[in-house]
There are 2 protein chains.
Amino acid sequence: MNQDNITLLQKHNLSVTAARLAILWAVRQHPHSDADMILKQARQKAGSLSKQAVYDNLHALTQKGIIRSIQPMGHSARYEPNEDDNHHHIVCRSCGHTADIHCEMGKAPCLDPSHTHGFAIDEAEVIFWGLCPSCQTNPVNQSNQTKK
Amino acid sequence: MNQDNITLLQKHNLSVTAARLAILWAVRQHPHSDADMILKQARQKAGSLSKQAVYDNLHALTQKGIIRSIQPMGHSARYEPNEDDNHHHIVCRSCGHTADIHCEMGKAPCLDPSHTHGFAIDEAEVIFWGLCPSCQTNPVNQSNQTKK
DNA sequence: ATAAAAATCTGGACTGAGTCAAGATTATTT
DNA sequence: AAATAATCTTGACTCAGTCCAGATTTTTAT
């Protein structure tokens, strides 16, 4: 329901706009879609919507932890609701199709995932994110992310 | 030495060219550099070198497994020698600086990495790569990679 | 060693994802 | 209801990477 999204946005100190509701709806509708697909979907819900608004909101929602983004090598960024359930992703080398991989929590973290969706897996790519020593004390050189 | 690289290329059925030797050298010199930095480095070694040759060769070398590439969200692709030692990467959210994380093999795969280079880690991103069910039987829809 | 065939390289135009910026519109606060 | 703050629109722009066609270099066959 829409009321859920409204209170969700308010809880995070984000003003409630048609654009935001439509984008949230679109991300839930088709998880793993890219900005362009979200634009198209959300436009139908919202009537009109600019490319920029989509990017602005995807960033805002990501920053608040409401949605999550991944960017598989060679593809544009994909977005999904942030369920905080420690799942990972599997991406098809051939067509780029993306699915979720769930871990069995508590167990050794999943390089032998519990359900592969029929994919033939050949590589597990792991990237850790954080702050390097110099940026911990002096996070000046912001080149991305937390831009505003 | 150069002879090593020459035989390495021959072993993989790649013709030995000045461009390739210079690019290999550059990747070894500064692992985790992007195409543009490799272009600049390799140009110094090779005299002249086109952007396209860099991309062509980075792809060829990657395909043969001689080098490896990663593409952290929001950054251009980075290249490194493929040492086949099952290491992963850590990327600074603030400045993009990238370092290697080595696993202790045989142990539960490393979401608690052995040496963090002083990074403050806040997320482990895992992407599995492979072929989806439909592309296993019919890998027609090549949108990337093995383009030629 | 040499010619023919195959692979690679060059340069320049182009694509597509994403960003910038300034003015207009919409939400929120008072 | 007015003032302020946040968001949205439009359009130009950047940057990584690709496409293409002709020129050059490397390899293979003689």
Side-chain angles (χ1 to χ4, degrees), chain A residues 5-7 9-24 33-40 42-43 45-64 66 69-79 96 142-148, chain B residues 2 5-7 9-24 32-40 42-43 45-64 66 69-79 96 142-148:
Chain A
N5 285 336
I6 293 176
T7 50
L9 290 173
Q10 288 170 335
K11 204 182 312 178
H12 287 89
N13 287 312
L14 290 173
S15 23
V16 177
T17 67
R20 248 161 220 168
L21 293 173
I23 288 167
L24 258 182
S33 29
D34 60 16
D36 190 61
M37 185 173 284
I38 291 167
L39 174 61
K40 281 175 189 141
R43 253 186 194 153
K45 266 270 151 166
S48 85
L49 186 55
S50 72
K51 181 171 78 154
Q52 193 56 43
V54 170
Y55 280 106
D56 284 352
N57 285 318
L58 289 174
H59 291 163
L61 295 171
T62 302
Q63 178 138 2
K64 295 294 187 178
I66 298 172
S69 72
I70 61 165
Q71 183 170 26
M73 175 80 172
H75 299 273
S76 43
R78 314 281 175 81
Y79 298 85
Q142 305 279 82
S143 65
N144 52 332
Q145 311 286 65
T146 341
K147 201 50 161 310
K148 183 254 192 81
Chain B
N2 234 355
N5 285 336
I6 293 177
T7 50
L9 290 173
Q10 289 169 335
K11 202 181 316 177
H12 287 90
N13 286 312
L14 290 173
S15 21
V16 177
T17 67
R20 247 162 221 165
L21 292 173
I23 288 167
L24 257 182
H32 307 135
S33 29
D34 59 17
D36 190 60
M37 184 172 286
I38 291 167
L39 173 62
K40 281 174 188 140
R43 252 185 197 156
K45 267 271 152 169
S48 85
L49 186 55
S50 72
K51 183 170 76 153
Q52 193 55 44
V54 171
Y55 281 106
D56 284 352
N57 285 319
L58 289 174
H59 292 163
L61 295 171
T62 303
Q63 178 138 4
K64 294 294 186 177
I66 298 172
S69 74
I70 61 165
Q71 183 169 26
M73 176 80 174
H75 299 274
S76 42
R78 314 281 175 80
Y79 298 85
Q142 306 280 79
S143 66
N144 54 330
Q145 311 285 66
T146 340
K147 202 52 158 314
K148 185 263 187 69

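Chain identifiers are assigned alphabetically (A, B, ...) following the order of the sequence lines, protein sequences preceding nucleic acid strands; residue numbering begins at 1 within each chain. Because the structure is predicted, anything quoted here is derived from the model rather than measured.
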Atom-to-atom span, [atom1] of [X] to [atom2] of [N] - whole angstrom:
| X | N | atom1 | atom2 | answer |
| --- | --- | --- | --- | --- |
| B:Ile6 | D:dT25 | CD1 | C1' | 15 Å |
| B:Met73 | C:dA17 | CE | P | 14 Å |
| A:Leu24 | D:dT7 | CG | P | 13 Å |
| A:Leu9 | D:dT7 | CG | P | 10 Å |
| A:Ile38 | C:dG16 | CD1 | C1' | 16 Å |
| B:Leu21 | C:dC9 | CG | C1' | 15 Å |
| A:Leu58 | C:dA17 | CG | P | 14 Å |
| B:Leu61 | C:dC9 | CG | C1' | 15 Å |

Quick one, give me the B/S/- string for nucleotides 8-17 of chain D, reading 5' to 3', where B means a protein heavy atom under 4.0 Å from the base and S means that only happens at the primed atoms, P, OP1 or OP2. SBB-----SB
When the C1' atoms of the five terminal pairs at each end define the local axes, what inter-axis angle does the helix from C:dA1-D:dT30 to C:dT30-D:dA1 show, to 10 degrees?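 Nearest ten degrees gives 40° for this helix.
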What residues, two or more places apart in sequence or in another chain, satisfy side-chain contact (heavy atoms from CB on, under 4.5 Å) together with B:Ser15?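 Per chain and number, B:Ser15 pairs via side-chain contact (heavy atoms from CB on, under 4.5 Å) with B:Arg20.
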List the residues meeting side-chain contact (heavy atoms from CB on, under 4.5 Å) with B:Ala22, not counting sequence neighbours, and say none if there are none.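 Applying side-chain contact (heavy atoms from CB on, under 4.5 Å) to B:Ala22 gives B:Ala42, B:Lys45, B:Ala46.
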Least distance between heavy atoms, A:Leu49 atom then A:Val54 atom: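 Answer, listing the atom of A:Leu49 first, then A:Val54: CD2-CG2, 3.9 Å.
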List the residues meeting side chain to side chain donor-acceptor pair (under 3.5 Å) with A:Arg78, not counting sequence neighbours, and say none if there are none.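 A:His75, A:Thr98.
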Residues that B:Gln52 engages under side chain to side chain donor-acceptor pair (under 3.5 Å), provided they are two or more places apart: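 For B:Gln52 the side chain to side chain donor-acceptor pair (under 3.5 Å) partners, ignoring immediate neighbours, are B:Asp56.
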Check whether any side-chain heavy atom of A:Leu9 lies under 4.5 Å from a side-chain heavy atom of A:Leu21, and answer yes or no.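 Sidechains of A:Leu21 and A:Leu9: in contact.
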Heavy-atom check, side chain of A:Asn57 versus side chain of A:Leu14, under 4.5 Å: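 Contact flag for A:Asn57/A:Leu14 side chains = no.
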Tell me every residue that passes salt bridge (charged side-chain N to carboxylate O under 4.0 Å, His left out) with A:Lys40, counting only those two or more places apart in sequence or in another chain.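 Testing A:Lys40 for salt bridge (charged side-chain N to carboxylate O under 4.0 Å, His left out), a comparison that skips the adjacent residues, returns A:Asp36.
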Does B:Arg43 or B:Asn13 map to a spot on DNA chain C nearer the 5' end, using the closest nucleotide for each?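 The answer here is B:Asn13.
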B:Gln71 side chain vs A:Gly74 backbone, donor-acceptor pair below 3.5 Å: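 It does hold such a pair.
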Tell me whether the OP1 or OP2 atom of C:dT8 has a side-chain N or O from B:Ser15 closer than 4.0 Å.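 Looking at the OP1 and OP2 atoms of C:dT8, one of them is under 4.0 Å from a side-chain N or O of B:Ser15.
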